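Below is one structure; the comments refer to it alone.
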2 protein chains.
Amino acid sequence: MRTAKSAPEGPPAAPSGARAARKRQAILEAAHRVFLREGFGAGVDLLAAEAGVSKVTLYNHFGSKENLFKEVIGRTLDEALGASESLIIDRLAESDDVRADLLAACRSWVSGLATPEVLALRDVIAGERRRFPALGEIWQERGPVRQHAALARALGRLDERGLLRIPDMELAVLQLSGLVLSPHLVYGSYGADMSASLADRLVEGGVDMFLARYGTGAAVPGK
Amino acid sequence: MRTAKSAPEGPPAAPSGARAARKRQAILEAAHRVFLREGFGAGVDLLAAEAGVSKVTLYNHFGSKENLFKEVIGRTLDEALGASESLIIDRLAESDDVRADLLAACRSWVSGLATPEVLALRDVIAGERRRFPALGEIWQERGPVRQHAALARALGRLDERGLLRIPDMELAVLQLSGLVLSPHLVYGSYGADMSASLADRLVEGGVDMFLARYGTGAAVPGK
DNA sequence: ACTGAACCGAACCGTATAGTTCAGTTCAGG
DNA sequence: CCTGAACTGAACTATACGGTTCGGTTCAGT
């Protein structure tokens with residue numbers, strides 16, 4: 001009898017064990033695919049079928065469709081931002097060739113986020129924000145906020161080292177993001193994707209514009 | 001008997017007359033409010049109630065919820081973009097003080113689009129794009145595409161007149177948009193709105209960055 | 001003042017979906 | 001190898017929504 005004991009059963013505890021771990025993983029992978037393909041409107045029956053799992057099992061593990069979606073958001077963002085986050089941004093901070101490393105960081109940043117999958121997920125979340133505010137909060141926290149913090153840290157370090165001069169860091173971060181990334185987010189939301197050529201011109205042109213404004217003479221070694 | 005005559009009744013013709021015009025207007029105004037507040041998920045019953053109109057009347061006028069929403073999108077964008085479109089952009093083309101007029105154009109542009117209502121509508125459309133692609137197309141066509149065309153025309157004219165030098169117009173338009181407008185669209189999608197101070201720094205900083213890159217000596221008269 | 005278009009409201013239809021229940025089956029750890 | 005936790009599938013509840021139908025009422029143009 002499971003409903004015994006006493007009252008306070010908050011989260012009824014997800015199943016444990018080897019089999020449960022496999023099922024859980026299968027559900028998460030299927031949900032990743034299905035949510036990206038169909039949006040949050042995808043039915044729970046479909047999610048369960050795609051995972052090769054019964055609906056009951058799905059509910060035993062995640063409790064609700066919303067919870068499952070939250071997990072998927074977190075995983076997707078970690079995957080999309082992991083590369084540029086620690087790898088590139090931290091390397092940028094101690095760079096000796098700011099232009100080259102800033103270009104690399106921005107390329108990685110854009111290629112991680114400006115994919116049809118991530119853009120579609122972003123739109124789904126934006127559209128569902130009114131009904132499920134928690135989704136938007138998770139996205140914001142594990143996405144833009146984290147990324148901007150990392151970028152601000154790296155740029156601040158470059159300022160300290162005299163390679164850049166940035167009087168208004170909040171503004172500078174938004175500007176860099178606006179120059180190299182935002183066009184993808186804003187104009188990729190309507191299905192019309194961007195040519196690779198234009199994407200590249202955005203990164204190069206944006207970085208040059210950024211350095212023309214905030215660079216010091218010391219920013220490029222060979223020049 | 002209305003279903004008589006012969007076959008080809010495509011759009012069954014909206015009601016006409018004085019009363020019908022009033023009702024139609026009431027429906028559009030209510031739908032504007034409700035869709036902005038509740039998103040496309042708002043029930044037709046609610047829309048009709050808010051308009052002080054029966055559901056049947058609503059369907060007689062617009063045929064479907066989707067059609068009604070399309071009308072609302074068009075009206076909202078015309079209202080949001082009308083000011084900056086013809087008024088400012090055309091004035092910018094023949095400007096003698098590019099910095100001042102570009103600042104004015106951008107301020108008008110941002111203040112028209114970066115309102116909670118327009119941002120919310122944008123999110124709703126983005127989220128519903130999978131189910132109703134026509135909504136996204138209307139938004140894109142009557143919004144960004146039109147606006148970018150006007151901006152490109154004005155900047156092209158300034159190039160002709162020797163006040164700017166813009167080798168890649170497509171890139172330049174995206175950059176200006178990215179600098180002054182995109183941060184609102186991208187980071188306003190999560191409820192966290194932007195301080196007036198930051199919005200102003202974005203416009204001023206963005207225009208200066210833009211002119212530093214594309215301006216010629218002739219761009220500012222007094223200098 | 002009359003006539004028909006336009007309107008009302010309430011019931012109705014069909015469909016879709018989140019989440020639950022349950023009786024019976026599979027699996028894994030002790 | 002055996003016991004109970006975890007899983008299955010299918011039926012079930014409850015709800016919500018888009019759109020239609022219908023009998024009866026209001027209004028506006030002639």
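On a predicted model such as this, the values are computed, not experimentally measured, just so you know.
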request  = For the pair A:Arg213 and A:Asp208, find out whether any cationic side-chain nitrogen is under 4.0 Å from an anionic carboxylate oxygen.
outcome  = no
ask   = Starting at CG of A:Asn60 and ending at P of D:dG9, how long is that distance when rounded to a whole Å?
value = 14 Å
inquiry  = Whether A:Glu170 and B:Arg201 form a salt bridge (side-chain N of Lys/Arg under 4.0 Å from carboxylate O of Asp/Glu) is what I want to check.
reply    = yes
message = Please determine whether a side-chain nitrogen or oxygen atom of A:Arg22 lies at a distance below 4.0 Å from atom OP1 or OP2 of C:dA28.
response = yes
task = State which of D:dT20, C:dC7, D:dA5 makes the closest approach to the side chain of B:Tyr59.
result = D:dT20
task = Describe the nucleic acid contact of A:Val56 in one word from base, sugar-phosphate, nothing, applying a heavy-atom distance below 4.0 Å.
result = base
request  = Round to a whole Å and report the spacing from NZ of A:Lys23 to C1' of D:dG9.
outcome  = 13 Å
request  = Scan side-chain atoms only and decide if A:Thr57 and A:Ser54 contain a donor-acceptor pair under the 3.5 Å cut-off.
outcome  = yes
query = D:dG4 C1' sits how many Å from A:Arg19 CZ, rounded?
reply = 11 Å
inquiry  = Students often get this wrong, so: under 4.0 angstrom with heavy atoms, is B:Arg24 touching a base, only sugar-phosphate, or nothing?
reply    = nothing
key: Atom CD of A:Glu141 with >12 non-hydrogen neighbours under 6.0 angstrom   = no
inquiry  = Is a donor from one side chain sitting under 3.5 angstrom from an acceptor on the other, for A:Ser177 and A:Gln147?
reply    = no
query = Is the number of heavy atoms from other residues, nucleotides or ligands within 6.0 Å of CZ (B:Arg37) greater than 12?
reply = yes
message = Take N1-N3 plus N6-O4 or O6-N4 for Watson-Crick, N1-O2 plus O6-N3 for G-U, both under 3.5 Å. Which runs of 3 or more such pairs involve DNA chain D?
response = C:1-30 with D:1-30
5' priority, DNA chain D, between B:Ala42 and A:His61 [closest heavy atom] = A:His61
ask   = Among residues 46-55 of chain A, which residues get a heavy atom nearer than 4.0 Å to DNA chain D?
value = A:Gly52, A:Val53, A:Ser54
key: Summary of ring-ring contact (aromatic ring centres under 6.0 Å, His included) pairs that have at least one residue in residues 56-79 of chain B, sequence neighbours excluded   = B:Phe35-B:Phe69, B:Phe40-B:Phe69
task = Could you tell me whether the phosphate oxygens of D:dT8, OP1 or OP2, come under 4.0 Å of any side-chain nitrogen or oxygen in A:Thr57?
result = yes
task = Could you check whether A:Gly17 gets within reach of a base, just the sugar-phosphate, or nothing at all, counting any heavy atom under 4.0 Å?
result = nothing
ask   = Taking NZ, NE, NH1 and NH2 as the nitrogens, is one of them in A:Glu85 or A:Arg146 under 4.0 Å from a carboxylate oxygen of the other?
value = yes
task = May I have the distance from B:Lys65 (atom NZ) to D:dC17 (atom C1'), rounded to whole angstrom?
result = 8 Å
Rounded distance (Å) that lies between atom P of C:dG19 and atom CZ of A:Phe69 = 14 Å
message = So, applying side chain to side chain contact (heavy atoms under 4.5 Å, CB included) with A:Pro133, which one of A:Glu137, A:Arg131, A:Arg130 is it?
response = A:Glu137
message = Can you measure B:Asn67 atom CG to D:dG18 atom C1' for me and round it to whole angstrom units?
response = 13 Å
query = In whole Å, what is the span from the CZ atom of A:Phe62 to the P atom of D:dC7?
reply = 11 Å
request  = Rounded off to whole Å, could you give me the CG-to-P distance for the B:Asp45 and C:dC12 pair?
outcome  = 15 Å
query = Could A:Arg107 and A:Glu204 be called an ion pair, given the rule that one side-chain N must be under 4.0 Å from one carboxylate O?
reply = yes
